[in-house]
Amino acid sequence: TQKFNSFINKMTEKNYLKKLEKLSVENLDCRDVIEKYDSKDTFFYIDPPYYNMESYYTSHDFGHDDHMELCELLKTTKGKWALSYYFFDDLPRLLPRNKYEWHHERTYSVNARTTESVRIELLIMNYKSGLSFL
């Protein structure tokens, strides 16, 4: 497609290649990546399967306990992180708003597999971001 070809062309330009020299891509469980690379100089963007929507993903191997473990691990992470999630009832207890920065926006589902048309998408961070657009 045109978008894919545009992306590939950009990735062969010198200015993009120089930036990509420092990029690491790992095909590991998110918890393994965090444990391997965690330091005060690391930033993690975490976008796990959304809670109670795991069946919409190709891989169904990230369940309730995995979400709980991930949230507990994030509490002890040295680096900065931003976590993308839809709201679920346990989330304020796991990552309380008074300890973490929460940003939210309404998203409208066009997915015919769900009866809910509006969801709250969250970006939760362990640092002050200064974001005001969410």
Side-chain angles (χ1 to χ4, degrees):
T1 68
Q2 184 178 358
K3 285 184 180 182
F4 179 75
N5 290 334
S6 175
F7 173 76
I8 294 300
N9 289 337
K10 285 180 181 178
M11 293 300 109
T12 60
E13 293 177 15
K14 285 184 182 181
N15 59 332
Y16 285 103
L17 289 173
K18 188 165 184 91
K19 291 178 182 181
L20 291 174
E21 287 175 353
K22 297 178 183 179
L23 179 69
S24 295
V25 177
E26 295 273 359
N27 184 14
L28 296 172
D29 182 274
C30 59
R31 293 160 290 200
D32 295 334
V33 170
I34 292 168
E35 289 175 13
K36 182 175 180 178
Y37 291 104
D38 189 25
S39 77
K40 66 178 182 60
D41 298 320
T42 306
F43 174 78
F44 298 102
Y45 175 73
I46 304 134
D47 190 14
Y50 292 131
Y51 187 81
N52 279 340
M53 295 185 69
E54 297 85 359
S55 63
Y56 294 112
Y57 297 86
T58 305
S59 175
H60 301 270
D61 58 353
F62 200 89
H64 175 270
D65 292 344
D66 298 296
H67 289 283
M68 301 303 117
E69 285 179 26
L70 174 59
C71 288
E72 290 303 319
L73 177 60
L74 290 175
K75 291 178 184 179
T76 63
T77 301
K78 297 174 200 153
K80 292 180 180 178
W81 52 261
L83 172 67
S84 176
Y85 252 143
Y86 282 142
F87 181 85
F88 59 94
D89 289 340
D90 285 333
L91 198 53
R93 179 184 57 76
L94 293 166
L95 299 171
R97 288 181 173 109
N98 64 343
K99 290 187 178 183
Y100 301 96
E101 187 167 317
W102 286 42
H103 296 277
H104 61 84
E105 68 177 17
R106 288 187 192 278
T107 56
Y108 296 89
S109 175
V110 293
N111 187 338
R113 294 183 286 186
T114 181
T115 58
E116 284 188 57
S117 60
V118 178
R119 298 193 184 277
I120 303 297
E121 186 160 5
L122 300 170
L123 189 61
I124 303 171
M125 294 166 275
N126 70 338
Y127 63 96
K128 294 290 182 194
S129 68
L131 288 176
S132 61
F133 58 88
L134 289 177

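Quick caveat, the model's predicted, so the values are computed rather than measured. Below, all heavy atoms of this structure are taken into account, side chains as well, without hydrogens, waters or symmetry copies.
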Qualifying residues under side-chain hydrogen bond (donor to acceptor under 3.5 Å, both in side chains), relative to Asn126, sequence neighbours excluded: none
Interatomic distance, Ile46 atom CD1 to Cys30 atom SG [nearest 0.5 angstrom]: 7.5 Å
Over all atoms of both residues, closest heavy-atom pair of Met68 and Asp90: CE-OD2, 4.4 Å
Under-4.0 Å salt bridge between Lys18 and Glu21: no
Met125 to His103 - nearest heavy-atom pair and separation: CE-CD2, 2.9 Å
Shortest non-hydrogen contact from Tyr45 toward Ser84: OH-CB, 3.4 Å
Axial cation check for Phe43 ring with Lys80, 6.0 Å and 45° limits: no
Residues Glu69 and His67: side-chain donor-acceptor under 3.5 angstrom: no
Nearest-0.5 Å distance that lies between atom CG in Asp89 and atom CG in Leu94: 11.0 Å
Pairwise distance CG(Leu73) to CG(Asp38) - rounded to 0.5 angstrom: 7.5 Å
Proximity of Phe87 and His104 rings by center, below 6.0 Å: no
Between Trp81 and Tyr100, ring centroids under 6.0 Å: yes
Heavy atoms from other residues, nucleotides or ligands near NZ of Lys78 exceed 12 (cutoff 6.0 Å): no
Spatial distance of atom OH (Tyr85) from atom CG (Leu91) [nearest 0.5 Å]: 7.0 Å
Distance in Å, Asp47 CG paired with Leu83 CG, rounded so as to fall on 0.5 Å steps: 8.5 Å
Gap between atom OG1 of Thr77 and atom CD of Glu35 - 0.5 Å precision: 9.0 Å
